[in-house]
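Report on the following structure.
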Amino acid sequence: MSVELEHLRKMVEECRKCPLWRNRNKPVFGEGPPDAKIMLIGLGPGYNEDREGRPFVGAAGKFLNKLLESSGLKREEVYITNVVKCYLPENRATDEEVKACTPYLDKQIELIDPEYIIGLGNTAAEYLSKKYGFDFTSMERIHGVTFKISTISKEVKITVMYHPAAGLRNPPLRKIIEEDWGKLRGLLGSRII
Ligand code: URA
Ligand code: SF4
């Protein structure tokens, strides 16, 4: 299984399917145990992630680490990746970029086969809602809500959250994010770990 993940990583490292490859320093494939039960999906690499080739290593990443801790999770036990694998200088991805890059994410989800997926921010939420067929009305309405989705092989739980970076820019939102992650504690603790 992880052999296939490594193969996929190499494909991402060599990928030129969308214009974002021109600006990248290091593609950010994702990290975590190949058999993680919980998978986190953000938007795409920022400046620090592009330098290091690892997801969520900047300010938003520090906040994310605290949120993980608050819900009783260790960063090392979750798999963390993004919708888009190459540096997003403006912090947003076009529909074309998402379309070009998400076959990699689809394959990652297939290989890791998590029981629980947490989408961080609107782009991840939209991707997940299309893939798993739930209604993404707005982040305001469905942040912190857990959907149980039956796929052919199993039930997957999906929660979408405001992006941690949004909480850093907006203190009232930060509180909401902290509350949402706090509520995950019981769910993750009793059902999965
Ligand atoms: N923001 C993201 O969405 N992903 C990262 O990896 C870092 C910041
Ligand atoms: Fe390829 Fe994705 Fe990078 Fe675009 S963002 S070049 S599709 S890996």
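Just so you know, residue 1 is the first one in the sequence shown, and it goes up from there. These numbers were taken from a predicted model, which means no experiment stands behind them. As the structure lists them, so they are numbered: ligands from 1, and atoms in each ligand from 1.
Distances from ligand 1 to the non-hydrogen atoms of Gly61 include no value under 4.0 Å. Residue contacts with ligand 1 include Asn82, since one of its heavy atoms falls under 4.0 Å from the ligand. Using a 4.0 Å cutoff on heavy atoms, His163 counts as a contact of ligand 1.
Applying the 4.0 Å criterion to heavy atoms of Pro55 picks out, from ligand 1, the atoms 6 (O). For ligand 1, the atoms sitting less than 4.0 Å from at least one non-hydrogen atom of Gly42 are 3 (O), numbered in the order shown with element in parentheses. Heavy-atom proximity to Val84, at under 4.0 Å, picks out these atoms of ligand 2: 5 (S). Every atom of ligand 2 with a heavy atom of Trp21 under 4.0 Å away is listed here by number and element: 6 (S).
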Q: Apply side chain to side chain contact (heavy atoms under 4.5 Å, CB included) to the pair Lys66 and Trp181, showing each step before the final yes or no.
A: CA-CA 10 Å; Lys66 282 197 193 145; Trp181 279 86; over 6 Å; no
**Q.** Chi angles and distances behind the side chain to side chain contact (heavy atoms under 4.5 Å, CB included) call for Leu43, Leu120
**A.** CA-CA 7 Å; Leu43 166 61; Leu120 305 171; over 6 Å; no
Q: Output, in order, the C-alpha distance, side-chain angles, deciding distance and verdict of side chain to side chain contact (heavy atoms under 4.5 Å, CB included) for Met161 and Ile177.
A: CA-CA 7 Å; Met161 299 285 199; Ile177 297 172; 5.8 Å; no
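When each of Leu64, Ile118, Ile38 is paired with Val78, the side-chain contact (heavy atoms from CB on, under 4.5 Å) condition holds for Ile38 and for no other.
Given atom 3 (Fe) of ligand 2, the protein heavy atom at minimum distance is Cys86 SG, 2.3 Å. Of the protein's non-hydrogen atoms, the one nearest atom 2 (Fe) of ligand 2 is Cys101 SG, 2.3 Å. In terms of protein heavy-atom proximity, atom 2 (C) of ligand 1 is nearest to Gly44 O, 3.2 Å. The shortest contact between atom 4 (Fe) of ligand 2 and any protein heavy atom is with Cys18 SG, 2.4 Å. Here the heavy atom of the protein found nearest to atom 1 (Fe) of ligand 2 is Cys15 SG, 2.2 Å.
For the residue pair Thr159 and Tyr116, a side-chain donor N or O sits within less than 3.5 Å of a side-chain acceptor on the partner. Between the side chains of Tyr127 and Asp106, at least one donor N or O lies within less than 3.5 Å of an accepting N or O.
In terms of polar-atom proximity, Glu49 is not counted as a contact of ligand 1, lacking any N or O under 3.5 Å from an N or O of the ligand. Below 3.5 Å of separation, one finds an N or O of Leu43 facing an N or O of ligand 1.
Aromatic ring pairs are classed by plane angle as parallel below 30°, tilted from 30° to 60° and perpendicular above 60°; the pair Tyr47 and Tyr87 is perpendicular.
Salt bridge annotation for Glu31-Arg54: present, with a cationic side-chain nitrogen under 4.0 angstrom from a carboxylate oxygen.
In summary, the aromatic rings of Phe63 and His163 are positioned with their centroids too far apart to meet the 6.0 Å limit.
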